Novice: 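Before anything else, here's the structure in question.
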Amino acid sequence: MRRDPTDGICPPMPQSNITSDEVVVRFAPSPTGYLHIGGARTALFNWLYAKSKGGKFLLRIEDTDRERNSPEAVEAILDGLRWLQLDWDGEPVSQYERADRHRQIAMQLLADGNAYKCFLTQAELADMRETAEREKRSFRVKSPWRDRDASEAPADTPYAIRLRAPNEGETIIKDHVQGKVTYANKDLDDLIILRSDGSPTYNLAVVVDDHDLGITHVIRGVDHLTNAARQTQIYDLMGWKAPQWAHVPLIHGPDGAKLSKRHGALGAEAYREMGYLPVAMRNYLVRLGWSHGDDEIISTNQLIEWFDIDAINKAPARFDLQKLEAINGHWIRTSDDDELYERINHLLPHIPHGDAISQAFSLGAGMKLRALIPAMKERSKTLLDLLDGAKFLWAERPMAYDEKANKLLDESARAILGKLIPSLQHLPDWTPVPLETAIREFAEAEGLKLGKVAQPLRAALTGTTVSPSIFEVMAVLGEPETLGRLKDAAG
RNA sequence: GUCCCGUUCGUCUAGUGGUUAGGACGCUAGCCUCUCACGCUGGUAACACGGGUUCGAACCCCGUACGGGACACCA
C-alpha cells in the first residue's frame, strides 16, 4: 500500500541529548474487548513518545483475569493497533505467563518483612466495610494481621499476602501531566499482592513487569493515578527505581459524561469501517488534550517531532465526531488516489452490500471509481461518503431517481435532454473537454443557462442532484451508458 | 462519604501579570460555480462565581459552585 508522502514513519528526529538512557514505554491493555478510543489514544501517546525519543514501544497484555479475557480480544486490540499503524517493538508480553515471577517477588517481600500474611476472610472484610459505611467513615482495610504472627492463625486457613505499606508520611507522585500529587499514606491501605489462591494481583504484576521490562515512562489514563501511589510503595519497598509517570485525562462523551457507545466509545475497527483514515485518527486523537500552538492538521512526522508529554492538558476532552470528520476530510483530500482506492477495496468486505459492490468492481465499476477518485475525494468526509457518492457508477438502468432528481426531471427538463442527445452522438472524443464544449454550445444555441442543462443531466445520469462535475461523470460513465441513461430519462 | 484532579467561545484548544483574548470544528453571510464539496472573505460566540495580592489579573492565592477520577482477594 502506498503511503502518504507526508505521513512517513521514519522522520528525522531531533535527538534529545543529555540522557543516554533509552526511553522504554509500554501500552498495557487488558483484553476484555476491542481497542476503544481512549485506549487508542493512550497507545498513540506512548508510541509518539517512544518515536520522538528514539526509544522502544512495548506491548503487554494484562491478561491475569482469566475469566474476562479472551484470545479474540487480544487479536482485536492488536488489529486495532496495526490499523492505526502503531507498531510495537518485540513480541507482546503476556502478564499471565509471568505469574511465577510475580509470586517470587511477593515471597521476597514477605521474607523481607515488607509484606505479611493476612487471614481476614471475605466475610470479615464485608463486615468491616459495612460498619464503616454505617458509621459514615471512609473505609480502609486495617488488617489485624499486620502486627500479629501468622502462627496465631487457625490451621489450614487460607491467607492473602498484603503489602506492609507505610502508615505515616506521604507518597508523592511527580507526574508529567498531573504535576506533583501527594497522598497521605494513612489514606492508602495495605493492598493485597497475592490472593489466597496464590495468584498475583494487578498492582504487583504491573510493578514487577514494568521493572523487569525496563520501562522508563508509564503513560496511561488518570484512572490509574491512585495506583501510581500504591505502585510507588511497592517500588520503594523493593528498592527499585520507579518509572516516570504521565497520567493523561480520560476522553468524555459530547455531554461531558463518560464516553458511551452511542457517543463514540467504539472499537478502532468501527472507525475503520466508517471510513476513517488512520492518519486522521492519529491527528484527531492526539489533539484531544495535546496541542502545538495553532496547528490543527499535523502529519505523523510532525507529530513525532513535536509531541511531548509535558504539554498534555489535565482537563478531560470531549469526543467530537464532527471535528474528526473534518480532519478526516482533509486527509482524504490530500491522500494519494491509489492509496484511497486500495483502502476502499480493503473496506468492502466489512461493510453492508460490500460483496455486491466488490462484484461490480470486478466487472468494471472498479476502474470507473478509480478514475473518479480525484473528483470524489474533494467532497468526501469518509471513505463511506466517497463510496456512497459514487454508487451511481455501478447502478443499473433504468436509474432510480431520488426525490429531488425526480422533481427536477419534469417534462421540460426531459425535453431538453431529448434535444441534447443528438449533439452528443458524434463526438470525436468522449472526454470531459469536448463534452463540456458540446454541452455549452448546445445550451447557448437553446438560449439556456448551463445549469438548465447540467442539472437534468446530473439527475438523469446519477439519479441525484449532487455529483462531481457532470462532464467528468459522463466521461467516466462512458458513451453507451451515458446515452442509454439519457434516453431512459428523455423517454 | 473520603482522597485526588479539573473549569477560556457549543466543542477541541492558544494564552504563563499589561493582547482589540488568537486558531480550528460547528453555525452563519457572501464570493467562486453545472450541483455538492473544496477554496477564499466576513460574522457569531468564551476567561464558572466570589473574595484577595498587584498600578494592573484568564494567568498568582483563598473560598464556593459545577464536573471528573479513585476508593475490590478487577484490571
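Owing to the predicted nature of the structure, the values given are computational and were not obtained by experimental measurement. In what follows, every chain begins at residue 1, and chains take the letters A, B, ... in the order their sequences are listed.
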Novice: With rounding to the closest Å, how many angstrom separate the C1' atoms on B:G26 and B:U20?
Specialist: 24 Å
Novice: Could you measure between the two P atoms, the one in B:C3 and the one in B:C59, and give it in whole Å?
Specialist: 26 Å
Novice: Can you tell me the distance, in whole Å, between the CG atom of A:D189 and the C1' atom of B:C71?
Specialist: 8 Å
Novice: Using whole Å, report how far CZ of A:R230 lies from P of B:C71.
Specialist: 7 Å
Novice: Salt bridge (charged side-chain N to carboxylate O under 4.0 Å, His left out) with A:D190: which of A:R146, A:K117, A:R162?
Specialist: A:R146
Novice: Give the rounded distance in Å between these two atoms: CG of A:N313 and P of B:G67.
Specialist: 21 Å
Novice: Measure from CD1 on A:I312 to C1' on B:C12 and round the result to the nearest Å.
Specialist: 15 Å
Novice: Please determine which of A:Q233, A:R230, A:Q231 meets the side-chain hydrogen bond (donor to acceptor under 3.5 Å, both in side chains) test together with A:N203.
Specialist: A:Q231
Novice: Counting only Watson-Crick or G-U wobble pairs whose two distances fall under 3.5 Å, which nucleotide matches B:G42?
Specialist: B:U28
Novice: Quick check, are the ring centers of A:F319 and A:Y284 under 6.0 angstrom apart?
Specialist: yes
Novice: Which residue, A:S196 or A:S291, contacts RNA chain B at a nucleotide closer to its 5' end, judged by nearest heavy atom?
Specialist: A:S291
Novice: Considering heavy-atom distances to RNA chain B, does A:E62 or A:L250 have its closest nucleotide positioned more toward the 5' end?
Specialist: A:L250
Novice: CG of A:D175 versus C1' of B:G69: gap in Å, rounded?
Specialist: 13 Å
Novice: Taking the C1' atom of each, how far is B:G50 from B:A14, in whole Å?
Specialist: 27 Å
Novice: Over 60° means perpendicular and under 30° means parallel, so tell me whether A:F307 and A:Y49 are parallel, tilted or perpendicular.
Specialist: perpendicular
Novice: May I have the distance from A:I192 (atom CD1) to B:C73 (atom C1'), rounded to whole angstrom?
Specialist: 4 Å
Novice: So A:L225, base contact, sugar-phosphate only, or nothing? Heavy-atom distance under 4.0 Å.
Specialist: sugar-phosphate
Novice: Is the base of B:A75 touched by the side chain of A:N227 through a donor-acceptor pair closer than 3.5 angstrom?
Specialist: yes
Novice: Once each nucleotide of nucleotides 40-47 of chain B is scored for protein heavy atoms under 4.0 Å, what B/S/- sequence comes out, 5' to 3'?
Specialist: --------
Novice: Can you sort out the partners of A:E62 under side chain to side chain contact (heavy atoms under 4.5 Å, CB included), two or more places apart, ordered by chain and number?
Specialist: A:A28, A:S30, A:R60, A:Q95, A:Y202, A:V206
Novice: Go through the steps to decide whether A:W145 and A:Y116 satisfy the test ring-ring contact (aromatic ring centres under 6.0 Å, His included), and finish with yes or no.
Specialist: CA-CA 7 Å; A:W145 297 96; A:Y116 59 92; 9.2 Å; no
Novice: Just checking A:H224: base, sugar-phosphate only, or nothing, at a heavy-atom cut-off of under 4.0 Å?
Specialist: base
Novice: May I ask you to say whether A:R26 pairs ionically with A:D209, meaning some side-chain N is under 4.0 Å from a carboxylate O?
Specialist: no
Novice: Do you know the tightest heavy-atom contact between A:N185 and A:P166?
Specialist: CB-O, 3.3 Å
Novice: Looking at every strand, decide which applies to A:G329 at a 4.0 Å heavy-atom threshold: base, sugar-phosphate, or nothing.
Specialist: nothing
Novice: Measure across A:A460 and A:L417 and return the closest heavy-atom pair with its distance rounded to 0.1 Å.
Specialist: CB-CD1, 3.8 Å
Novice: Could you tell me whether A:E403 and A:K407 make a salt bridge, using a distance below 4.0 angstrom between a side-chain N and a carboxylate O?
Specialist: no
Novice: For every nucleotide of nucleotides 21-37 of chain B, 5' to 3': is a protein heavy atom under 4.0 Å from its base (B), only from its sugar-phosphate (S), or from neither (-)?
Specialist: -BBBSS-------BBBS
